[in-house]
Amino acid sequence: ASFELNKILSPKSKTIAKKHILSSISLNLSQPPIEFERINVNTINELNITETTTPYSTEHELEDHNMITGQLGEKFVYKYLLWKYREQSSIIKIEWLNEKQETYLPYDILIKKENEQIDYIEVKTTQLNDQHTFQISIDEIEHILKLPTYFIYRVYNINNPSICVVNNIKYNLQSTRQLGLQMTIKPVPLNQLSSE
């Protein structure tokens with residue numbers, strides 16, 4: 001690249017280009033690397049998740065299907081965390097808040113540590129391997145902004161799952177590095193529109 005720059009740039013332009021390249025390099029080095037934990041759970045035999053979801057045919061079945069998919073994802077992450085912290089179960093407690101019924105809280109699982117730190121985990125589940133977008137509520141956004149220990153566990157392909165743990169969410173949104181928020185305008189049926 002420098003050989004080609006020497007051929008086409010004037011001396012002044014070369015100096016400006018070198019400064020730009022050096023400042024870009026130092027800028028990139030000053031930011032901590034993003035390290036979203038990616039977990040391939042196919043190699044963890046002890047988890048033994050055999051429940052699967054089935055296709056849907058009506059809108060009502062789709063809602064039920066999404067609820068079941070979400071519950072399976074939460075159950076899977078809960079079992080994974082119990083397995084992950086099995087050696088530390090006397091000092092780390094895992095609590096699945098929706099185990100008996102939906103709590104509608106902006107997180108699904110708590111990890112309570114001996115030093116009184118609490119990790120808040122929201123589980124977002126998909127049946128696909130490459131669905132990287134998901135809905136997020138205003139309550140979840142508020143908790144992301146105020147809790148440094150708020151994590152999103154993205155479960156891909158619930159029938160053959162893998163997990164991506166999204167951490168440092170507020171920082172990564174501010175720096176627009178690997179995260180972005182999007183908004184969707186949901187269509188409204190014509191018969192529900194007001195005639196103002």
Side-chain angles (χ1 to χ4, degrees), residues 32-44 47 49-84 94-111 118-189:
I34 291 180
E35 295 179 15
F36 293 158
E37 182 181 3
R38 298 182 192 277
I39 305 155
N40 184 358
V41 293
N42 297 345
T43 59
I44 305 173
L47 289 181
I49 298 286
T50 56
E51 298 159 280
T52 59
T53 57
T54 55
Y56 48 87
S57 58
T58 67
E59 190 172 324
H60 182 68
E61 287 178 359
L62 170 61
E63 289 175 22
D64 290 344
H65 179 74
N66 289 341
M67 181 72 92
I68 291 167
T69 299
Q71 289 170 342
L72 288 175
E74 290 177 20
K75 181 177 184 180
F76 178 75
V77 169
Y78 175 70
K79 285 186 171 187
Y80 165 73
L81 292 170
L82 289 174
W83 175 84
K84 179 179 179 178
I94 313 298
E95 185 180 346
W96 179 17
L97 302 174
N98 299 327
E99 186 171 12
K100 296 193 179 11
Q101 69 180 30
E102 177 62 47
T103 61
Y104 299 101
L105 291 170
Y107 40 83
D108 304 309
I109 297 171
L110 298 176
I111 301 176
I118 298 176
D119 291 351
Y120 300 84
I121 296 173
E122 173 62 21
V123 179
K124 300 291 186 180
T125 308
T126 180
Q127 290 199 339
L128 305 174
N129 288 317
D130 59 355
Q131 178 61 45
H132 306 297
T133 59
F134 48 85
Q135 289 187 353
I136 198 160
S137 71
I138 189 67
D139 284 342
E140 291 165 350
I141 291 170
E142 288 173 349
H143 280 75
I144 286 168
L145 296 176
K146 73 179 181 182
L147 297 173
T149 58
Y150 189 96
F151 301 87
I152 295 176
Y153 278 55
R154 178 60 161 165
V155 178
Y156 293 95
N157 188 359
I158 190 61
N159 296 322
N160 187 19
S162 65
I163 304 170
C164 178
V165 180
V166 183
N167 57 12
N168 297 321
I169 300 170
K170 181 179 176 181
Y171 170 77
N172 287 313
L173 282 170
Q174 288 172 331
S175 65
T176 63
R177 297 170 75 206
Q178 273 191 311
L179 292 178
L181 283 180
Q182 296 179 348
M183 202 172 280
T184 302
I185 299 173
K186 295 181 178 181
V188 178

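For this chain, numbers begin at 1 and follow the sequence in order. Not measured: the values here are computed from a predicted model.
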_Could you check whether any side-chain heavy atom of Thr126 comes within less than 4.5 Å of a side-chain heavy atom of Phe134, counting everything from C-beta outward?_
no
*What closest approach, in Å, do Asn172 and Asn167 show between heavy atoms, and which atom pair accounts for it?*
ND2-O, 3.1 Å
*Look only at the side chain of Glu95 and the backbone of Leu97, and say whether a donor-acceptor pair between them is shorter than 3.5 Å.*
no
_Strictly distance-based, threshold 3.5 Å: is any side-chain N or O of Arg154 a donor or acceptor partner for the main-chain N or O of Thr133?_
yes
*CD1 of Ile109 to NZ of Lys75: how many Å apart, nearest 0.5 Å?*
12.5 Å
Listed pairs under 3.5 Å, donor-acceptor, residues 141-149 side chains, sequence neighbours left out:
residue : atom : partner : partner atom : Å
His143  : ND1  : Asp139  : O            : 2.9
Thr149  : OG1  : Ile118  : O            : 2.6

*Where do Lys124 and Ile152 come nearest, in terms of heavy atoms and distance?*
CG-CG2, 3.8 Å
*Specify whether Tyr156 and His132 have parallel, tilted or perpendicular ring planes, treating 30° as the upper limit for parallel and 60° as the lower limit for perpendicular.*
perpendicular
*Judged by modelled atom types alone, do Thr103 and Gln101 share a side-chain donor-acceptor pair under 3.5 Å?*
no
_Heavy-atom closest pair, residues Gln135 and Glu140_ = O-OE1, 4.2 Å
*What's the spacing between Gln71 CD and Met67 CE if we round to 0.5 Å?*
6.0 Å
*Do the non-hydrogen side-chain atoms of Leu81 and Ile111 ever get within less than 4.5 Å of each other?*
yes
*Is there a side-chain contact between Leu72 and Phe76 (heavy atoms, below 4.5 Å)?*
no
*Mind checking salt bridge (Lys or Arg N to Asp or Glu O under 4.0 Å) for Glu74 and listing every partner two or more places apart, or none if nothing turns up?*
none
*Nearest heavy atoms of Trp96 and Asp108, plus distance in Å*: CD1-O, 3.6 Å
*Hey, are the side chains of Leu181 and Leu173 touching, using non-hydrogen atoms and a 4.5 Å cut-off?*
yes
*Do Val166 and Phe151 touch side chain to side chain, with heavy atoms closer than 4.5 Å?*
no
*Should Leu110 and Ile94 count as side-chain neighbours, where that means a heavy-atom distance under 4.5 Å?*
no
*Side chains of Val155 and Val123: does their closest heavy-atom pair fall under 4.5 Å?*
yes
*Does the side chain of Tyr153 reach to within under 4.5 Å of the side chain of Glu122, using non-hydrogen atoms?*
no
